[in-house]
Structure formats: structure tokens, C-alpha cells
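Side chains are part of it too, since the values below use all heavy atoms of this structure and drop only hydrogens, waters and symmetry mates. Note that the numbering runs from 1 along the sequence shown for the chain.
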Amino acid sequence: MLTDPRGDRDANLRQRQRTGRAGLALLFSLAILATGCPTGSDDGDDAASTGGSASSAAPKGREIFIDRAAESGVDFIHFNGMTGKMYTAEVTAAGCGVFDYDNDGDLDLYLLQGNVLEPGKELSDAEYPFAGDGVPQDRLLRNDSDGSLRFTDVTEASGIEALGYGMGVATGDYDGDGWTDLYVANLGPNQLWRNQGDGTFEEVADAAGVQDPRWSVPASFFDYDRDGDLDLYVGAYVHAPLDSDKRCTRVTGALDFCGPMAYDALPDRLFRNDGGRFVDVTRESGIQRAFGSALGSTASDFNGDGWIDLYVANDGRPNQLWINQQNGRFVDDSMLSGTAVNAEGMAEASMGVEADDFDGDGDDDLFMTHLLGETNTVYRNDGSGMFQDVSVSTGLGVPSRWATAFGAASIDYDNDGWLDILTVNGEVRIIEEQARQDIPFPLRQPNQLFHNLGDGRFEERSAEAGEAFTRQEVSRGAAVGDFDNDGDHDVLILNNNGPAELLINAVGQDAHWLGLRLVGGSPARDMLGARIEVTLGGGGKRWRRVRTDGSYASARDPRVLVGLGSVTAVEAVTVHWPDGSAETWRDLEIDRYTTLTQGQGSPAGS
């Protein structure tokens with residue numbers, strides 16, 4: 001068992017951080033009032049659209065999330081291998097993933113690891129020592145929960161030997177054998193780990209045609225051509241060779257990490273699945289025009305035409321909304337749709353991205369995380385694929401200016417039916433005050449939780465979210481999943497050069513919920529891209545979709561959780577499958593998980 005390196009953080013540092021946050025929030029609030037900017041929602045949706053208003057958050061004095069990493073056997077500590085060269089990869093790593101690799105009904109964990117990057121240097125040369133045994137490598141932890149939450153490291157037994165500098169992870173059953181596979185994006189080369197169904201994996205990136213030697217970060221599995229198998233998008237960051245002579249400095253003149261604009265951008269890639277072997281269709285699909293330092297990606301049908309599109313969050317460069325033309329080609333509609341830049345016409349340092357129905361009107365909106373001094377940005381979808389920046393009116397803008405956020409989690413933590421937002425934070429440029437105090441890896445910031453009020457606005461609830469939200473780490477990846485199968489959203493967090501956190505939800509199970517897994521094919525696989533229309537008893541609807549991508553280079557639980565609050569019955573569930581067909585199920589039991597299989601429901605409308 002590894003020792004927990006957190007210990008007690010400097011209490012004075014915590015207080016200064018909280019004071020600074022409050023001061024920045026007041027300053028920007030006054031600025032908004034002075035300029036007459038709206039502080040409420042300007043959309044017409046109300047609580048009735050989803051069958052009721054948002055509930056309150058956690059009962060007073062009760063923590064929302066509890067970090068149970070140490071007690072459950074999640075003793076992973078990330079190692080970034082810093083030796084003083086200030087490589088940008090050292091500060092941007094890494095995402096994480098959750099998936100049920102052994103098909104036993106509970107979620108296992110995949111944790112990406114770093115290494116020493118400087119040529120000629122050893123582990124002993126790193127500024128912060130490697131805390132594990134042997135050599136740094138990714139780890140696979142099997143969920144062995146049986147009455148209590150418990151994970152076992154099965155990396156060696158699984159055959160996974162991932163020694164690269166890990167950046168991101170995507171999950172999906174690409175070969176249709178009923179077992180979920182792993183795609184690992186590295187600081188080159190990438191790996192595809194094929195799940196062999198017996199607890200072991202085989203590395204097949206080259207044989208499958210998806211090996212990429214460049215610096216990749218996000219990846220998304222999705223069926224863009226509706227042929228029944230999963231295609232693969234891989235987002236490239238920048239060309240930053242280790243022998244580069246780029247030098248960036250902070251205000252004191254000391255060496256600091258460089259941002260993406262110091263390097264040349266790289267084109268993203270799209271691979272079409274041709275029966276388990278992939279074909280590079282980057283050029284013919286139009287994706288070859290995607291030069292944008294990608295850090296986040298998510299696939300969804302943004303314009304409601306029944307074909308899955310792709311949104312890419314770029315660091316420092318305009319974001320891209322790739323609209324599926326239904327003929328194998330994509331067109332970047334980001335400028336016209338209002339999703340390339342913010343309301344002020346500025347490209348931001350987009351890192352994480354979530355696409356979900358935050359306002360309850362049946363289409364997917366966009367939320368993305370950004371750099372300190374910028375706001376985290378919310379784009380509201382009008383249903384046709386046209387978006388409006390509503391960061392100010394939602395209340396999510398001002399409270400985010402003081403932090404640099406990476407991972408994002410779209411979660412209904414209290415199961416009231418409205419999707420809340422969690423962001424994980426950590427700077428990318430040295431925080432001078434922390435450096436003066438000799439605080440190790442002085443980029444530390446606390447994470448944040450925002451509660452959806454159900455009227456177009458969000459309210460920060462970090463103060464009551466739990467002790468894990470007062471700690472300061474350099475957080476990067478955030479992967480959502482129900483690790484204890486109790487019907488609410490939990491979150492796995494990977495901290496750069498710090499311990500992994502397993503935040504278990506302590507309040508969501510108090511409300512009613514509906515859990516769904518959507519599968520199709522033979523053998524059955526998770527039907528990524530399927531949309532779920534839930535009609536509540538007593539009226540109102542809620543919409544969700546099946547996905548594993550999003551956040552910052554992380555993979556989430558493909559199962560869908562629908563919070564019901566005090567609603568005690570679901571009238572119908574209509575599934576809109578990725579191939580364009582739709583089926584309905586009625587009288588499903590609540591407060592439990594149910595698997596819906598394509599072809600076993602009634603035709604929609606019958």
C-alpha cells in the first residue's frame with residue numbers, strides 16, 4: 001500500500017485561496033452590475049419542462065462527496081517525471097477512465113501514468129520521486145466490491161504494459177465481441193488494448209490501423225456512418241519535440257511551462273471502422289482541416305438530424321463543431337453556430353468539454369473548462385445546432401475566473417432531474433505565492449461543484465461538497481461512474497503528480513432514480529450515441545444519451561442515470577438508436593438498473 005502524500009495542506013494557503021476566490025467573485029459581480037449584464041437566465045424554459053423544480057442540495061452539515069480512494073484500495077499516485085526542463089506534457093497530463101472490462105456489472109478503473117521525459121535522465125533525477133514499485137506504467141484496478149467498495153490492481157495479470165507518457169483514454173467495443181476495449185492516447189505512440197474476454201488484453205494499435213506516434217490527448221469512439229460499429233476520432237495537441245529550444249518564463253524571469261501557441265498545431269485524425277480494422281479517412285472526411293491543439297472531444301447529434309456530430313475543444317485556438325453530412329464527410333460549423341469563440345469573439349484555452357441537456361429542453365448544450373482569467377463557458381443549443389454563450393446568465397462564468405479547470409463532469413449529484421457540473425482545477429503556470437513558500441508543484445487549486453437550480457442558473461456548492469473540495473491538488477482527469485451501484489453519480493479524479501481520488505456520492509441515493517444500460521448487436525455492446533427520452537408519471541420529460549467520452553481526455557460510465565427526485569413512476573422510455581430507429585418500453589421499475597436491448601422494445605409511437 002502506498003502512503004497518502006496529501007497530509008495536511010497549509011491552512012494559511014487554503015484561507016488565502018478562499019479569500020482570493022471571494023475577492024475575484026465580488027470584483028467581477030460588481031463589474032457585471034456596472035455594465036448592466038444580465039444575471040438571470042434569458043431562456044424561456046422552466047421547471048415544468050422536466051416535471052418539477054430543482055431540489056435543494058445536500059442536507060445542511062452533510063458532505064455531498066467523500067473520498068474513499070485510500071480505504072477502497074485505490075492507492076495510485078501519478079508521476080509526471082519533472083527534471084527541470086519544464087516540458088508542457090508534464091503539466092497537462094492526464095485523463096483517466098472507468099469501464100466494466102470483465103462484464104461483472106461493476107466499474108473498473110484505468111489510471112494513466114507519466115515518466116521521465118528528459119533524454120538521459122533516470123527516475124532518481126526527477127524533482128518529485130516516483131512513489132510506486134518497479135517502473136511507472138498505467139494501472140488497471142478491478143472492482144471487487146461485495147458489500148463494501150474494494151479495488152484490486154490487476155495490471156500484471158491483464159497483460160497491459162503501458163509504459164508511455166499517458167494523456168487520455170477512450171473506451172468502446174470496437175470489434176463487436178461484447179467486451180469493452182481501451183484506446184490510450186500518449187505523448188506518442190498511442191495504444192489500442194483489445195479486450196480478449198478472459199481478463200487479459202492484447203495491444204493491437206498497429207494491426208488495427210490506429211497507431212499514432214504524435215502527441216495525442218482526447219479520443220472518442222462513435223458510429224458516425226451508422227453502419228453498426230464504432231469509429232474512432234483522435235485529437236492531436238501540438239508538435240513539441242523534447243529537443244525543442246522553446247523557453248517560456250514567468251514574471252520573475254524563471255523558467256515556466258509553455259502554452260500551446262509556442263508550438264505548431266497538428267491535424268486531428270478520423271478512423272473509420274471496417275469490421276474491426278480501421279481505415280484512416282481523415283482527408284476524405286474533411287477532418288484534415290482540424291488544426292487546433294485538441295484537449296477535449298465529445299460526439300453527439302447537435303442539430304437533431306439523427307446523425308452523430310463531433311465537437312472538439314482546442315487550447316488557445318477556436319473550437320470546432322464538425323457537423324455530419326450523412327455521406328462520410330464533416331463540415332466545421334463552429335463559427336456559424338456560435339461555438340468557435342466566446343461571446344466576446346475570443347478563442348479560449350479550452351481543456352475539458354461536456355455535451356448534455358443542462359436546461360432540460362431535449363437537446364445537448366455545451367460546457368467547457370478554461371484558463372484562469374477566462375470563464376468556463378456554456379453554450380446553449382436552440383435545438384437546431386445554433387448556440388448562444390450564456391456563461392454570465394447561468395452564473396457559471398464569474399465563479400470560474402479564479403481557477404484553471406481541466407476535467408468536467410456532467411452529473412445529477414442529488415438526483416433531482418437537473419444536471420449539475422463538477423470541475424477539477426489546477427494551474428498550468430507557476431503560482432508565485434506557492435513557489436515562494438516552497439510548496440511542491442506550486443500549481444494547486446481546489447475543485448468546484450455547481451448545482452443546477454432548474455431555472456437556467458447554477459449556484460456554486462463547493463463549500464458543502466466535502467473535504468475533498470477544500471484540498472488543493474493539480475487536478476486533470478475526471479471520469480463519472482456509479483462505482484458502488486447505488487444509483488447516483490460518483491467521480492474518479494486523477495491529480496497530476498498526486499494521488500487519485502475516488503469521490504463517492506453520499507446524498508444522491510436519497511432520491512428516486514432510473515438506471516439504464518442500452519445494448520445492441522450480437523454479442524451485445526453498449527450503443528454509444530443512443531438518446532433516451534424518459535416520460536415521467538404525472539408529466540414532464542428528461543433526455544439523456546449513451547456516451548463514454550468528454551471531460552478532459554477521460555472515459556465515463558456508459559450507463560445512464562436519470563434522477564427522478566420525488567417522482568415515483570416512469571410512464572415510458574423511448575430509445576432513439578444510433579441507426580435512426582426508435583423503440584419504447586413502458587412501466588420500467590425505478591431505483592434499479594435495467595438493460596434495454598435493441599429489437600426488444602415496441603416500435604415508437606405504438
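The closest donor-acceptor contact from the side chain of Ser554 to the backbone of Gly477 lies at 3.5 Å or more, if one exists at all. Counting only distance, with no hydrogens or angles, the side chain of Gln437 and the backbone of Glu433 share a donor-acceptor pair below 3.5 Å. Glu348 contributes no side-chain N or O that, together with a main-chain N or O of Met368, makes up a donor-acceptor pair within less than 3.5 Å. A donor-acceptor distance shorter than 3.5 angstrom exists from the side chain of Ser551 to the backbone of Ala408, with no hydrogens or angles considered. Without hydrogens or angle criteria, Thr548 side chain to Thr171 main chain gives a donor-acceptor distance under 3.5 Å. In this structure, Thr375 contributes its side chain and Gly397 its backbone to no donor-acceptor pair below 3.5 Å. In this structure, Arg559 contributes its side chain and Asp482 its backbone to a donor-acceptor pair below 3.5 Å. No donor-acceptor pair under 3.5 Å is formed between the side chain of Arg68 and the backbone N or O of Leu503.
For the pair Leu182/Tyr101, no side-chain contact is recorded, criterion being any heavy-atom separation below 4.5 Å from C-beta on. Contact of the Tyr237 side chain with the Leu295 side chain is registered, since non-hydrogen atoms from C-beta on lie closer than 4.5 Å. Counting only heavy atoms from C-beta outward, the side chains of Thr92 and Arg476 never approach each other to under 4.5 Å. A 4.5 Å side-chain heavy-atom check between Asp414 and Asp420 finds at least one atom pair inside the cut-off. Between Ser391 and Leu396 there is no side-chain heavy-atom pair separated by less than 4.5 Å. Under the 4.5 Å side-chain criterion, counting only non-hydrogen atoms from C-beta, Tyr413 is not in contact with His489. Within the 4.5 Å cutoff, no side-chain heavy atoms of Tyr165 are placed close to those of Leu112. In this structure, Phe151 and Asp153 have side chains that are not in contact, with every pair of non-hydrogen atoms separated by 4.5 Å or more.
Partners of Asp412 under the side chain to side chain donor-acceptor pair (under 3.5 Å) rule, at least two apart in sequence or in another chain, do not exist in this structure. The salt bridge (Lys or Arg N to Asp or Glu O under 4.0 Å) search around Glu127 returns none, not counting sequence neighbours. Looking at residues two or more places apart in sequence or on another chain, you find a salt bridge (Lys or Arg N to Asp or Glu O under 4.0 Å) between Asp356 and Arg547.
Here the options are Asp364, Asn381, Asp549, Asp357, the test is side chain to side chain donor-acceptor pair (under 3.5 Å), and the partner is Ser300; only Asp364 passes. Checking Leu494, Leu492, Val184, Leu141 one by one against Tyr110, the side-chain contact (heavy atoms from CB on, under 4.5 Å) holds for a single residue, Val184. Checked options Asp557, Leu502, Asn505, Asn485; the residue passing with Asp490 is Asn505 (criterion: side-chain contact (heavy atoms from CB on, under 4.5 Å)).
Using a cut-off of 4.0 Å between Lys/Arg side-chain N and Asp/Glu carboxylate O, Arg444 and Glu473 are scored as salt-bridged. By the 4.0 Å N-to-carboxylate-O rule, Asp67 lies close enough to Arg471 to be salt-bridged with it.
For Thr404 and Glu427, the side-chain atoms include at least one donor-acceptor pair closer than 3.5 Å. A donor-acceptor pair shorter than 3.5 Å cannot be found between the side chains of Asn342 and Thr377. Inspection of the Ser475 and Asn495 side chains reveals an N or O donor paired with an N or O acceptor under 3.5 Å. Asp144 and Thr152 are linked by a side-chain donor-acceptor pair at a separation below 3.5 angstrom, with hydrogens and angles left out of the test. Side chain to side chain, Asn319 and Tyr311 meet the donor-acceptor criterion of an N or O pair below 3.5 Å.
Atom NE2 of His370 and atom CE of Met346 lie 11.5 Å apart (nearest 0.5 Å). How far CZ of Arg250 is from CZ of Arg429: 9.5 Å, rounded to the nearest 0.5 Å. The CD atom of Glu71 sits 7.5 Å away from the CG atom of Leu149 when rounded to the nearest 0.5 Å.
For Ala89 against Leu187, the heavy-atom pair with the smallest separation is CB-CD2, 3.9 Å. Taking every heavy atom of both residues into account, Thr339 and Leu366 meet most closely at CG2-CD1, 4.0 Å.
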*Give the C-alpha distance, both sets of side-chain angles, the deciding distance and a yes or no for side chain to side chain donor-acceptor pair (under 3.5 Å) between Ser220 and Ser297.*
CA-CA 7 Å; Ser220 293; Ser297 65; 2.8 Å; yes
